[in-house]
Asker: 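What follows is a single structure, and I will ask about it in a moment.
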Amino acid sequence: MHLTAAFQTPPLDSARAFRQVLDSMARPGRIVTLDRVAAPAPCSPAAAAAVLTLVDGTSPLHLAGAHAGASIQDWLRFHLSADLVERHMAAFALGTWEALGPLSHYPQGGAEYPDRSATLIVECAELRAERARLAGPGIETEAWLSLPDVAALQENAARFPRGLDLIFTCGAQLAALPRSTQIGGR
Amino acid sequence: MSDYNFAYLDEATKRMLRRAILKAVAIPGYQVPFSRREMPMPYGWGTGGVQVTAACLVPEDTLKVIDQGADDTTNAVSIRKFFARVAGIATTEATAEATIIQTRHRIPETPLTEGQILVFQVPIPEPLRFLEPRETETRTMHALEDYGLIQVRLYEDTARHGEIARAYAYPVRVEGRYIMDPSPIPKFDNPKLHNAPALQLFGAGRECRIYALPPFTRVESLDFEDYPFTASKAAGQTCAICGAEDSYLDEVIIDDAGGRMFVCSDTDYCATRCAAQAEDAA
């Protein structure tokens, strides 16, 4: 078994990666760059950095489709002691939009504890500031992001304060869509 | 610096805090429970703010810490020295130079910008706590948006005092949903919460809660149409040192005969104005 490295300097690299992720979650639609770590294919560098920064044995992770391959599983188990679970148990999930499946299969959080919902890390073929118009907290006037399925994400936003938070990744690029963002189509 | 992990906390703790901070940002105004750690300072000295700051710091940051607006008080000095030692980061007293500002009970007078994060130290995060002591009940009230009780409380103020008698920790409504305690900042600072370009994070160490206001978030102070919210300060006074009319003032007793003066609570704002005046005079 051959394992590739994770962060070279975990405390500093994860701190810098978190600030990028925090910036993207606080300003939905903003695209940030995370290129300091490589994970086994097909996991992108941005998704790898997000997972290394946020996931460990106390936050169950669901791997979907090609991201559930043996090399990624071994890598995550070694570096994070990751607890790999089914969708309905997941605090985090990683995969393509198609592989992740319906959003309703993931924990949505309760009315009293809306924070107990999953965060999906969605690997995309492209990530651009276009197509869907975003508004809400974190956005001064408007922002744009290429979302995979506007209708499903509008439904997610309508569940606020319950609902999922999403992180979209493409290569070294990352953008986020918290449940608080209203999605305007076009 | 080599004696400590970066920013003091271990990596597993920082991951836990970071997950809580992201959920707090995603649900503005909602208090996310977190598992606090024992810090090398007692509760009430900003352990919540320190844990949030530790989770957010990067080596490139410049940290400012204020206590009631002042950079030179014990709490502010010791937290600044703590992070300079355990994270090796730069520190400053200038609001405009800071990338992270940890604050106890004030928002700086100098407007914050997009690249900055403001971390509040929070003693009691629950705005309904003094109306309903049971956590199970306040949690249900937030879930159901059952906020009548706090409106009644504000109404009783108007009936008894002729105005809403809350000078600090004045409750706000976030994006029309959660009612939030902005920490014990004077209500003079409440308008600065609304549509702020900076990210605002709140950490309550003793009570194990983290909450957040993303940038450009709608934050309304609770009030009534006939008793509108006003951001008040010491009426008719100006700073005795720099002459500022627009800043929040502290009243300082200066002798045993009832003598008093009003000075800017924000020491950096006051010092910057004094320096500019000295330059103009020269």
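Keep in mind that what you see is a predicted model, and the values were worked out from it rather than measured. Below, each value reflects all heavy atoms present in this structure, side chains not excepted, and no hydrogens, waters or symmetry copies.
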Asker: Residues of residues 172-180 of chain B under 4.5 Å from chain A (heavy atom pairs)?
Answerer: B:Glu175, B:Arg177, B:Tyr178
Asker: Do you know which two heavy atoms are closest between B:Arg18 and A:Ser14, and how far apart they sit?
Answerer: NH1-OG, 3.5 Å
Asker: Is it the case that B:Arg19 and A:Ser59 place a side-chain donor and acceptor less than 3.5 Å from each other?
Answerer: yes
Asker: Does the B:Arg15 side chain pair with the main chain of A:Leu52, one donor and one acceptor, at a distance under 3.5 Å?
Answerer: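 A pair under 3.5 Å: yes.
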Asker: Answer yes or no: does atom CD of A:Glu126 have more than 12 heavy-atom neighbours from other residues, nucleotides or ligands under 6.0 Å?
Answerer: yes
Asker: Can you tell which part of A:Arg16 gets under 4.5 Å to a heavy atom of chain B, answering side chain, backbone, both or neither?
Answerer: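 Contact with chain B is through both the backbone and side chain of A:Arg16.
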Asker: So which residue, A:Asp23, A:Leu22, A:Leu80, ends up with the most heavy-atom pairs under 4.5 Å with chain B?
Answerer: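 Highest number of heavy-atom pairs under 4.5 Å: A:Leu22.
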Asker: Heavy atoms under 4.5 Å from chain B: which residues of residues 94-117 of chain A carry them?
Answerer: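 Counting heavy atoms that sit under 4.5 Å from chain B, the residues of residues 94-117 of chain A involved are A:Ala111, A:Glu112, A:Tyr113, A:Pro114, A:Asp115, A:Ser117.
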Asker: For a 4.5 angstrom cut-off between non-hydrogen side-chain atoms, does B:Leu22 reach A:Asp165?
Answerer: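 Of all side-chain heavy-atom pairs linking A:Asp165 with B:Leu22, none is under 4.5 Å.
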Asker: For residues A:Thr119 and B:Lys23, is any side-chain donor paired with an opposing acceptor at under 3.5 Å?
Answerer: yes
Asker: At a 4.5 Å cut-off on heavy atoms, which part of A:Leu177 comes close to chain B: side chain, backbone, both, or neither?
Answerer: neither
Asker: Is there a side-chain contact between A:Thr9 and B:Phe6 (heavy atoms, below 4.5 Å)?
Answerer: no
Asker: Considering only heavy atoms and a distance below 4.5 Å, find which of A:Pro178, A:Gly138, A:Gly163 pairs most often with chain B.
Answerer: A:Gly138
Asker: CZ/A:Arg19 to CG/B:Leu199 distance, rounded to the nearest 0.5 angstrom?
Answerer: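 Those atoms lie 9.0 Å apart.
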Asker: Residues of residues 48-61 of chain B under 4.5 Å from chain A (heavy atom pairs)?
Answerer: B:Ala55, B:Cys56, B:Leu57, B:Val58, B:Pro59, B:Glu60, B:Asp61
Asker: Of all heavy-atom pairs between A:Pro11 and B:Asn5, which one has the smallest distance, and what is that distance?
Answerer: CG-OD1, 3.2 Å
Asker: Please classify the contact of A:Ile139 with chain B as side chain, backbone, both or neither, using a heavy-atom distance under 4.5 Å.
Answerer: backbone
Asker: Looking only at non-hydrogen atoms, find the nearest pair between B:Ala26 and A:Arg179 and report the distance.
Answerer: O-CG, 3.7 Å
Asker: With chain A as the partner, which of B:Val25, B:Val32, B:Ile27 has the greatest number of non-hydrogen pairs under 4.5 Å?
Answerer: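 Highest number of heavy-atom pairs under 4.5 Å: B:Ile27.
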Asker: Report, as yes or no, whether the 6.0 Å neighbourhood of atom CZ on A:Arg87 holds more than 12 heavy atoms from other residues, nucleotides or ligands.
Answerer: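 More than 12 within 6.0 Å, yes.
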Asker: So which part of B:Ile100 gets closer than 4.5 Å to some heavy atom of chain A, the side chain, the backbone, both or neither?
Answerer: side chain
Asker: Chain A contacts: which residues in residues 114-122 of chain B have a non-hydrogen atom closer than 4.5 Å to it?
Answerer: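 Listed by number, the contacting residues are B:Glu114, B:Ile117.
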Asker: How many angstroms lie between atom OG1 of A:Thr58 and atom CE of B:Met16, to the nearest 0.5 angstrom?
Answerer: 8.5 Å
